[in-house]
Novice: 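Sharing a structure here in structure tokens format.
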Amino acid sequence: MPELPEVETIARGLAKRVTGDRVESVWLGSKKEPLKSSPGAICAVLERSSILGVRRAGKHIVFDLQTGDETKHSAQWIVHLGMTGRVLVCDVQETLAAHTHAVVKLASGREIRFVDPRRFGRLSVSNEGGFAAPGAEPLQVPLDRFIYLFRGRKTPIKSALLNQRLLSGVGNIYADEALYRAGIRPRRRAESISSKELARLHAALRKVLGEAIKLGGSSISDYVDADGEEGFFQLRHRVYGREDEPCRACKTRIKRIVIAGRSSHYCPVCQK
DNA sequence: ACTATTTCCTGGATGC
DNA sequence: TGCATCCAGGAAATAG
């Protein structure tokens with residue numbers, strides 16, 4: 001499940017491989033779910049455009065483009081991986097994986113392929129005003145603004161962390177890991193958490209996301225980066241996926257509860 | 001303006 | 001072994 005560190009890793013890998021290349025043609029599959037923009041709009045933006053760079057915004061991969069027509073407008077191709085999405089850079093002769101929904105042919109002779117079995121991923125394009133993720137970037141947001149995000153919210157802090165309109169990029173794994181490191185139980189109402197605790201959460205979130213990026217993300221089920229490499233942060237998980245295993249600090253069994261339909265893991269002793 | 005719940009998807013795990 | 005059922009979860013849609 002790609003969250004901020006996984007998407008950052010993938011975007012860096014893609015940037016290394018396709019920056020400076022040019023799009024020759026685009027093939028889109030027949031399934032409609034993966035397309036957030038119309039097929040015509042996606043092709044119009046992508047075909048003959050140059051790739052200026054690839055970056056992450058929240059959980060989105062953003063390809064910065066310069067259109068191939070005489071206007072040379074800037075535009076973006078935006079890929080959201082959902083649960084099981086992958087963006088691969090392949091040689092043309094490599095066999096097409098099942099559930100390939102888009103193939104972008106490059107002037108270098110290679111192809112960017114979007115593969116997504118579960119079809120929760122989304123492709124879109126933007127050419128006016130650029131693209132911005134709706135929430136604040138967790139690695140950039142200053143403490144005072146971070147604290148303000150949760151003011152007056154009755155929803156559990158875990159749900160608030162997952163709300164992409166507040167923070168962009170935090171998903172189930174890193175929400176649980178950050179709450180553990182900050183010593184805050186996931187079910188606590190966001191508004192009930194003190195500024196001091198929120199300061200701990202702010203720091204914990206930055207630390208956990210930063211460490212995970214350094215380790216290439218967490219490989220759960222089938223995640224691999226743009227080069228097919230697995231991440232290693234799953235080895236540092238302290239609560240996520242560790243139900244009934246001993247807390248690394250106090251040996252208490254890690255509990256799993258469901259909040260807003262999402263499994264949430266915490267230590268009943270270390271987290272208050 | 002919020003918050004909670006439901007829905008979309010398929011592969012892998014589980015149960016009988 | 002085979003078949004049915006359940007579960008994972010990001011985000012949009014729907015309901016309250």
Novice: If the threshold is 4.0 Å, N to carboxylate O, is there a salt bridge linking A/E137 and A/R56?
Specialist: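 Salt bridge present between A/E137 and A/R56.
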
Novice: To the nearest 0.5 Å, what is the distance between CG on A/L161 and CG on A/L201?
Specialist: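 The CG atom of A/L161 sits 5.5 Å away from the CG atom of A/L201.
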
Novice: Is it true that A/D64 and A/R55 have a side-chain N and a carboxylate O under 4.0 angstrom from each other?
Specialist: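 Salt bridge between A/D64 and A/R55, a charged N being under 4.0 Å from a carboxylate O: yes.
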
Novice: To the nearest Å, how far apart are A/R86 CZ and B/dT10 P?
Specialist: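 Interatomic distance, CZ of A/R86 to P of B/dT10: 17 Å.
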
Novice: With nearest nucleotide decided by heavy atoms, which residue, A/S159 or A/H99, maps closer to the 5′ end of DNA chain B?
Specialist: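 Result of the comparison: A/S159.
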
Novice: Determine, for A/E24 against A/K105, whether the closest basic-nitrogen to carboxylate-oxygen distance falls under 4.0 angstrom.
Specialist: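 The answer is no: the pair does not qualify as a salt bridge.
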
Novice: OP1, OP2 of B/dG11 versus side-chain N and O of A/T84: anything below 4.0 Å?
Specialist: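 No, no such contact exists.
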
Novice: Quick one: what's the B/S/- string for nucleotides 9-16 of chain C, heavy-atom cutoff under 4.0 Å, read 5' to 3'?
Specialist: BBBS----

Novice: I'd like to know if A/K31 and A/E33 make a salt bridge, using a cut-off of under 4.0 Å between side-chain N and carboxylate O.
Specialist: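 So A/K31 does not pair with A/E33 through a salt bridge.
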
Novice: Rounded to the nearest angstrom, tell me the gap between atom CG in A/D116 and atom P in B/dG11.
Specialist: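 Taking CG of A/D116 and P of B/dG11, I get 11 Å after rounding.
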
Novice: Separation of A/L161 atom CG from B/dT3 atom P, in whole Å?
Specialist: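 Rounded to whole Å, this separation is 14 Å.
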
Novice: Between atom CD in A/E191 and atom P in B/dC2, what is the gap in whole Å?
Specialist: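 One finds 12 Å between P of B/dC2 and CD of A/E191, rounded.
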
Novice: What is the separation between atom CG on A/L149 and atom C1' on B/dC2, rounded to the nearest whole Å?
Specialist: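 Nearest whole value for this atom pair: 15 Å.
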
Novice: Salt-bridged, A/D244 to A/R253, with N to O below 4.0 Å?
Specialist: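 Salt bridge between A/D244 and A/R253, a charged N being under 4.0 Å from a carboxylate O: yes.
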
Novice: Side chains of A/D176 and A/H265: do they bring a donor and an acceptor to under 3.5 Å?
Specialist: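 Short answer, yes.
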
Novice: Can you measure A/K32 atom NZ to B/dC9 atom C1' for me and round it to whole angstrom units?
Specialist: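 In whole Å, B/dC9 C1' and A/K32 NZ are 11 Å from each other.
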
Novice: Verify the contact: side-chain N or O of A/R153 to OP1 or OP2 of B/dT3, cut-off strictly under 4.0 Å; return yes or no.
Specialist: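 Indeed, a polar side-chain atom of A/R153 lies that close.
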
Novice: Hydrogens and angles aside, do A/R110 and A/S108 bring a side-chain donor and acceptor to less than 3.5 Å of each other?
Specialist: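 Yes, A/S108 and A/R110 have a side-chain donor paired with an acceptor closer than 3.5 Å.
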
Novice: Compare every heavy atom of A/P138 with every heavy atom of A/L205, then report the nearest pair and how far apart it is.
Specialist: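 For A/L205 versus A/P138, the nearest heavy atoms are CD2-CB, 4.2 Å.
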
Novice: So if I take the C1' atoms of five pairs at each end of the helix from B/dC2-C/dG16 to B/dC16-C/dG2 and get each local axis, what angle do the two axes make, rounded to 10 degrees?
Specialist: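 End-to-end axis angle: 50°.
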
Novice: Roughly, in whole Å, what's the span from NZ in A/K158 to P in B/dT3?
Specialist: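 It works out to 17 Å between those atoms.
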
